[in-house]
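Remarks on the structure that follows.
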Amino acid sequence: MTDSPAPLVAVIIVAAGSGTRLGHELPKAFVPLAGRTLLERAVESVFGMREAAQVIVVAPEDRLDEARALAAGRAGSAVGYLDVVSGGDSRQASVKRGLAVLRPDVDTVLVHDAARALTPSALCDAVVAAVRASGAGVVPGLDVVDSIKRVDSQGAVLAGVDRQDLSAVQTPQGFPRRMLLSAFDTATEEQTDDAALVLSAGFPVSVIPGDPLAFKITTAWDLHRAELLLSARAQTTGLPRVGTGLDVHAFDDTSELWLAGLHWPGERGLSGYSDGDAAVHAICDALLSAAGLGDVGGVFGTADARLAGAHGDVFLRETLRRVADAGFRVGNVSVQVIGNRPRLAPRRAEAEAFLGAILGAPVSVSATTTDALGFTGRGEGLAAIASALLVPAALQGPVLSWEA
Ligand code: CTP
Ligand code: MG
């Protein structure tokens with residue numbers, strides 16, 4: 001990224017909270033939501049902004065490496081714009097840690113909660129545009145639809161509050177850099193958001209229309225709502241999804257051959273960190289690609305000790321779990337092995353039955369040679385190419401409505 005212009009916008013994604021109210025065993029930003037963590041979803045939305053931005057993830061001190069890996073996985077080619085720092089004891093302290101690593105050219109700073117994982121990129125764009133247009137602080141907000149009452153600690157209603165005067169504000173909240181830094185420098189009290197801090201420092205802040213999808217995931221109910229929204233979105237976008245996968249492994253005479261999930265005694269084995277089953281790896285790539293979940297290398301890595309020598313069923317079951325979490329089931333899979341040996345035809349039905357039973361869908365296995373050409377023709381290794389069709393899974397559980 002060194003040749004690209006330095007970003008003028010920075011987005012601080014605060015993700016260092018523990019998520020007490022969610023009550024999950026993991027810190028909130030690391031909780032999965034339909035196959036991806038809240039942090040990954042928030043990072044993906046921010047990297048989807050029209051303008052390139054420095055993205056600063058503020059993560060729990062003991063999970064910096066994990067946060068960096070998750071965020072980098074969603075940053076794509078913009079990974080050079082990503083910074084990860086450790087958070088503080090309060091949200092405000094975490095924001096402050098993020099502000100400390102702003103790059104020199106940045107003039108507009110957005111602060112965003114990782115917990116608002118479904119926030120559309122367009123809302124971030126709108127906040128940036130409004131900060132530039134007004135030269136002041138900008139927060140997205142929604143009209144309050146409920147009647148609001150002021151109550152005492154016993155629950156007695158003291159008075160009504162006119163909801164005409166209220167806005168339920170969200171993030172990202174955007175500010176000119178100098179305004180935000182000055183507000184943090186002079187802050188004496190803890191505030192629940194950045195707008196409050198900037199306002200108490202005497203700077204103007206205005207509200208632009210927010211987005212219902214930018215709601216904060218705070219409780220288990222909110223997480224469930226987010227899952228339902230994603231599942232409904234997968235359903236209503238409705239179309240099946242296809243994916244392609246290719247894998248190549250060199251022959252290795254010291255290994256046993258495992259291919260298409262089967263053991264092939266007496267055949268030359270394939271090299272690889274796991275069992276080198278190119279057909280299964282190609283299928284996993286096709287499934288992950290169809291679900292938009294990346295690829296085998298990204299999902300499984302190459303250094304996980306649990307995968308040393310692992311057979312195809314381990315990869316297939318984990319891939320299937322992720323695909324199901326993302327709201328899909330397998331329609332069918334087709335895989336073709338390219339190489340001189342082994343002769344697949346005699347065991348085609350066995351391989352198809354084995355793979356099909358794991359995936360719960362028809363799997364076709366075929367094979368071809370390359371007329372003695374190329375590395376497969378020379379007998380140096382095997383290739384496999386797979387296609388997968390995914391269909392949106394039926395919506396599970398009660399169908400709830402939500403305000404749009
Ligand atoms: N946050 C942070 N550092 C903290 C506290 C909160 O970075 N010390 C972040 C959270 O990760 C979250 C955002 O601020 O993305 C909004 O806070 P909240 O929803 O309250 O999250 P938590 O503090 O994690 O949840 P809880 O209050 O239920 O413990
Ligand atoms: Mg909190």
Side-chain angles (χ1 to χ4, degrees), residues 10-33 36-47 53-71 74 82-102 109-121 123-124 127 137 139-142 167-175 180 183-184 187 189-198 210-227 229:
V11 185
I12 299 174
I13 303 179
V14 280
S18 55
T20 323
R21 287 168 289 177
L22 187 60
H24 197 280
E25 57 185 4
L26 295 167
K28 188 156 73 179
F30 299 84
V31 169
L33 162 58
R36 274 181 224 163
T37 60
L38 299 194
L39 176 61
E40 286 171 288
R41 291 190 179 277
V43 165
E44 190 164 19
S45 138
V46 167
F47 274 114
Q54 179 192 6
V55 176
I56 303 167
V57 171
V58 187
E61 183 145 32
D62 58 346
R63 286 179 182 264
L64 285 184
D65 289 343
E66 188 183 351
R68 192 172 290 112
L70 291 172
R74 306 321 302 173
L82 174 69
D83 292 292
V84 181
V85 297
S86 64
D89 289 340
S90 64
R91 184 184 182 283
Q92 194 162 314
S94 292
V95 175
K96 193 158 188 167
R97 300 269 185 99
L99 289 172
V101 299
L102 285 178
V109 182
L110 270 53
V111 183
H112 185 42
D113 295 331
R116 299 181 189 273
L118 301 189
T119 303
S121 307
L123 188 63
C124 305
V127 171
V139 297
L142 295 177
S167 178
V169 305
Q170 308 177 316
T171 75
Q173 303 191 346
F175 310 90
L180 188 60
F184 268 82
E189 280 176 42
E190 198 70 27
Q191 307 275 3
T192 58
D193 71 355
D194 311 286
L197 207 78
V198 165
D211 191 308
L213 285 173
F215 69 97
K216 185 154 72 84
I217 296 173
T218 305
T219 62
W221 159 247
D222 297 324
L223 187 65
H224 185 57
R225 175 157 65 127
E227 272 161 1
L229 281 164

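Atoms within each ligand, like the ligands themselves, are counted from 1 in listed order. Throughout, residue positions are numbered sequentially from 1 according to the sequence presented.
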Going by distance only, is there an N or O of Leu22 that falls short of 3.5 Å from an N or O of ligand 1?
-> no
Atom 7 (O) of ligand 1 sits nearest the protein heavy atom Ala16 N, 2.9 Å
Are Leu33 and Leu118 side-chain neighbours, meaning at least one heavy-atom pair lies under 4.5 Å?
-> yes
Do Ile12 and Leu110 come close enough that some side-chain heavy atom pair is under 4.5 Å?
-> no
Specify side chain, backbone, both or neither for Ser90, according to which of its non-hydrogen atoms lie closer than 4.0 Å to ligand 1.
-> backbone
Go through ligand 1 atom by atom and flag the ones less than 4.0 Å from a non-hydrogen atom of Lys216.
-> 18 (P), 19 (O), 20 (O)
Which ligand 1 atoms does Asp89 reach within 4.0 Å, using its non-hydrogen atoms?
-> 8 (N)
Of the protein's non-hydrogen atoms, which lies at the shortest distance from atom 6 (C) of ligand 1, and what is that distance?
-> Gly17 CA, 3.6 Å
Among the heavy atoms of Ala15, does any lie under 4.0 Å from an atom of ligand 1?
-> yes
Any N or O on Ala114 sitting closer than 3.5 Å to an N or O of ligand 1?
-> yes
Side chain to side chain, Leu99 and Val109, heavy atoms closer than 4.5 Å = yes
Does Thr218 reach ligand 1 with a nitrogen or oxygen that is under 3.5 Å from one of the ligand's nitrogen or oxygen atoms?
-> no
In the protein, what heavy atom is nearest to atom 8 (N) of ligand 1, and what distance, to one decimal place, separates them?
-> Gly88 O, 3.0 Å
Proximal ligand 1 atoms for Ala115, defined as those under 4.0 Å from one of its heavy atoms | 15 (O)
Just do the side-chain contact (heavy atoms from CB on, under 4.5 Å) check on His24 and Leu22 with the steps written out, would you?
-> CA-CA 6 Å; His24 197 280; Leu22 187 60; 4.2 Å; yes
Ligand 1 atoms nearer than 4.0 angstrom to some heavy atom of Asp113 are 13 (C), 14 (O), 15 (O), 16 (C)
Are the side chains of Arg36 and Arg74 in touch, meaning some heavy atoms are under 4.5 Å apart?
-> yes
So, is the end of the Arg116 side chain (NZ or CZ) under 6.0 Å from the ring centre of Phe215 and within 45° of the ring's axis?
-> no
Nearest protein heavy atom to atom 26 (P) of ligand 1, by residue and atom, and its distance?
-> Thr20 N, 3.5 Å
May I ask whether Gly19 has any heavy atom positioned less than 4.0 angstrom from an atom of ligand 1?
-> yes
In the protein, which heavy atom is nearest to atom 20 (O) of ligand 1, and how far is it?
-> Arg21 NH2, 2.9 Å
With rounding to the nearest 0.5 Å, note down the distance linking CD1 in Ile13 to OG in Ser45.
-> 7.5 Å
Ser94 heavy atoms, cut-off 4.0 Å: which ligand 1 atoms fall inside?
-> 2 (C), 3 (N), 4 (C), 7 (O), 8 (N)
Going by distance only, is there an N or O of Ile217 that falls short of 3.5 Å from an N or O of ligand 1?
-> no
Side-chain heavy atoms of Val43 within contact of Leu70, under 4.5 Å | no
Minimum heavy-atom distance Val127-Gly174, with the two atoms named | CG1-N, 3.5 Å
Distance in Å, Ser86 OG paired with Arg97 CZ, rounded so as to fall on 0.5 Å steps | 4.5 Å
Protein heavy-atom partner closest to atom 21 (O) of ligand 1 - residue, atom, separation in Å = Lys28 NZ, 3.2 Å
Closest approach of any protein heavy atom to atom 12 (C) of ligand 1, naming residue and atom = Val14 O, 3.7 Å
In plain terms, say whether Arg63 and Glu66 are close enough for a salt bridge, that is, a side-chain N and a carboxylate O under 4.0 Å apart.
-> yes
Would you call Asp194 and Arg91 a salt bridge, taking side-chain N to carboxylate O under 4.0 Å as the test?
-> yes
